[in-house]
**Student:** 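Dropping the structure in here first, questions after.
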Amino acid sequence: MVQGILAAVGLLGSLGLLFGIGLVIAGRFLRVEEDPRIAQVTESLPGANCGACGFSGCSGFARALIAGGAPVEGCRAGGDSTVQKLAAILGRSVGHTARRIARVLCGGDCHSAVQRARYDGVMDCRAADLVAGGPKGCPDGCLGLGSCVEACPFGALAIGPDGLPVVDEQRCTGCGLCELVCPRGVIQVMDAGASYVRCLSTLPGKQVRQVCRSGCIGCLICQRACDREAITVLDNLASIDPARCDGCGKCAEKCPTHCIVITPAPARVEPVRVGSGPA
């Protein structure tokens, strides 16, 4: 019996040695050298692994970039400094990119917007939006349940005391994850220096007035006030062309509902709740 055990141990040992030698040989001759730039790119990325680039974390983006499957501007969380580092590694020349941050395109807070129903379901904007269009009177208004806050990996969003998301501009990287989860497109990433309209409603002005005192009513006053023809009112909703806008603020001064924001505007974050309470 002892001899049998020794024979089995010897056989297994021999097989292990044989397989080990095979692995060493295979590792030596079949080894695929990794492009050293992958490590350089990975080290240059912010390491957030937020997935906003569309790849499986920073290492996935680095491999895709080196393989030519991702743009050098693909890391939205890194901003311009990261783009410049990656371009240097790749030996490319790129222009500086403007800083982009998230903006909240709704001014219908708990004081100015009409709530047409009480919502007691899952505290998630996407879920609330599926229940008869959500509790808010405006079909395009922010539901304020904090899905964007939950999605932000940088802690740059909080629900303010008025029931709307507030962006901490110092923390926001413009990754766009908040934009992706908002069921109504209320959160949008745009150039940090671009003025914008805090409304997405295309309802006629009278209907907007019935559900929100802060919405754009398409009155054209802002369009007429702009000397640079930077504002266009289409489908009852004003929009600002950042290429033409000089930030003079005349449109915001004339706007009867004060839904135009001229940047740079101060941002404050006073979190009071995340994912709880009514919209």
Side-chain angles (χ1 to χ4, degrees), residues 15-105 124-126 146-158 165 167-194 242 269 274-275:
L15 288 174
L17 179 61
L18 181 62
F19 289 146
I21 293 174
L23 289 173
V24 170
I25 294 174
R28 181 171 182 177
F29 292 100
L30 301 180
R31 180 174 57 190
V32 177
E33 296 290 346
E34 185 176 77
D35 193 321
R37 295 178 300 171
I38 294 177
Q40 292 180 279
V41 169
T42 303
E43 292 175 358
S44 300
L45 296 173
N49 290 311
C50 61
C53 57
F55 296 94
S56 56
C58 295
S59 61
F61 172 75
R63 287 183 169 77
L65 178 66
I66 295 302
V72 69
E73 303 89 354
C75 179
R76 299 172 67 177
D80 182 64
S81 62
T82 297
V83 172
Q84 299 303 323
K85 291 177 183 176
L86 301 185
I89 293 172
L90 297 176
R92 300 180 189 174
S93 177
V94 296
H96 287 279
T97 55
R99 182 170 181 251
R100 294 172 64 81
I101 62 175
R103 297 294 193 191
V104 182
L105 305 189
D124 182 277
C125 298
R126 292 158 294 188
S147 295
C148 55
V149 178
E150 296 289 348
C152 180
F154 303 101
L157 279 163
V167 180
D168 185 331
E169 298 185 10
Q170 298 302 315
R171 293 184 176 182
C172 181
T173 64
C175 71
L177 293 179
C178 55
E179 185 180 60
L180 293 177
V181 300
C182 179
R184 296 186 167 184
V186 170
I187 302 280
Q188 293 184 13
V189 175
M190 58 180 62
D191 289 350
V269 176
V274 175

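Any value given below was found using the heavy atoms of this structure, including those in side chains, with hydrogens, waters and symmetry copies removed.
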**Student:** Can you list everything that forms a salt bridge (Lys or Arg N to Asp or Glu O under 4.0 Å) with D35? Sequence neighbours excluded, please.
**Tutor:**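 For D35, the residues satisfying salt bridge (Lys or Arg N to Asp or Glu O under 4.0 Å) (neighbours in sequence not counted) are R37.
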**Student:** Would you indicate whether the side-chain heavy atoms of R76 and V83 approach each other to under 4.5 Å?
**Tutor:**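 Contact flag for V83/R76 side chains = no.
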**Student:** List in chain and number order the residues that pass side-chain contact (heavy atoms from CB on, under 4.5 Å) with C58, two or more places apart in sequence or in another chain; answer none if no residue qualifies.
**Tutor:**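 Only L45, N49 meet the side-chain contact (heavy atoms from CB on, under 4.5 Å) criterion with C58.
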**Student:** Kindly give the heavy-atom pair with the smallest separation between G60 and F55, and that separation in Å.
**Tutor:**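 For G60 and F55, the tightest heavy-atom pair comes out as C-CB, 3.9 Å.
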**Student:** Any side-chain heavy atom of V41 within less than 4.5 Å of one from L86?
**Tutor:**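 Side-chain contact under 4.5 Å: yes.
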**Student:** If you look at every heavy atom in R100 and V189, which pair is closest and at what distance?
**Tutor:**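 The pair with the smallest heavy-atom distance is NH2-O, 2.9 Å.
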**Student:** The criterion is side-chain contact (heavy atoms from CB on, under 4.5 Å); which residues satisfy it with D124, sequence neighbours excluded?
**Tutor:**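 In terms of side-chain contact (heavy atoms from CB on, under 4.5 Å), with neighbours along the sequence ignored, D124 is linked to V122, R126, A127, S147.
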**Student:** Does a side-chain heavy-atom distance below 4.5 Å link T82 with S44?
**Tutor:**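 In short, these two side chains do not touch, never coming nearer than 4.5 Å.
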**Student:** For residues S59 and T42, report the shortest heavy-atom separation together with the two atoms involved.
**Tutor:**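 Looking at all heavy atoms of both residues, the shortest contact is CA-OG1, 4.3 Å.
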**Student:** Looking at every heavy atom in both V72 and A87, which two are closest together, and how far apart are they?
**Tutor:**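 Nearest pair, atom of V72 first, then A87: CG2-N, 3.7 Å.
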**Student:** Kindly write out the residues that satisfy side-chain contact (heavy atoms from CB on, under 4.5 Å) with C172, not counting sequence neighbours, or none if the list is empty.
**Tutor:**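 side-chain contact (heavy atoms from CB on, under 4.5 Å) list for C172, sorted by chain: I101, A102, A156, V167.
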**Student:** Starting at OG of S81, measure out to CZ of R99 and round the result to the nearest 0.5 Å.
**Tutor:**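 Nearest 0.5 Å value for the OG-CZ distance: 10.5 Å.
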**Student:** Determine whether C148 and C182 make a side-chain contact, defined as any pair of heavy atoms from C-beta on separated by less than 4.5 Å.
**Tutor:**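 No - every pair of side-chain heavy atoms lies 4.5 Å or more apart.
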**Student:** Would you call P165 and I187 a side-chain contact if the rule is heavy atoms closer than 4.5 Å?
**Tutor:**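 In short, these two side chains touch, coming nearer than 4.5 Å.
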**Student:** Show every donor-acceptor pair shorter than 3.5 Å between a side-chain atom in residues 90-98 and any protein atom, with sequence neighbours excluded, or say none if there are none.
**Tutor:**
{"unit_1": "H96", "atom_1": "ND1", "unit_2": "D80", "atom_2": "OD2", "d": "2.8"}
{"unit_1": "T97", "atom_1": "OG1", "unit_2": "D80", "atom_2": "OD1", "d": "3.1"}

**Student:** Between R103 (side chain) and A192 (backbone), is there a donor-acceptor pair under 3.5 Å?
**Tutor:**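 Side chain of R103 to backbone of A192: a pair is present.
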**Student:** Taking the side chain as every heavy atom from C-beta outward, state whether L17 and I21 have any pair of such atoms under 4.5 Å apart.
**Tutor:**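 Yes, at least one pair of side-chain atoms sits under 4.5 Å.
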**Student:** List the residues meeting side-chain contact (heavy atoms from CB on, under 4.5 Å) with E34, not counting sequence neighbours, and say none if there are none.
**Tutor:**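 E34 satisfies side-chain contact (heavy atoms from CB on, under 4.5 Å) with I38, R63 only.
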**Student:** Could you state the interatomic distance from CZ (R184) to CG (L105), rounded to the nearest 0.5 Å?
**Tutor:**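 Spacing of CZ (R184) from CG (L105) equals 14.0 Å.
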**Student:** Would you mind reporting whether L177 and C50 have side-chain heavy atoms less than 4.5 Å apart?
**Tutor:**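 Yes. Closest side-chain heavy atoms under 4.5 Å.
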**Student:** For the residue pair F61 and C75, what are the closest heavy atoms and their distance?
**Tutor:**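 Heavy atoms of F61 and C75 come nearest at CZ-N, 3.7 Å.
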**Student:** Please report the shortest heavy-atom distance between G74 and C53, naming the atom on each side.
**Tutor:**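 Looks like O-CB, 3.5 Å.
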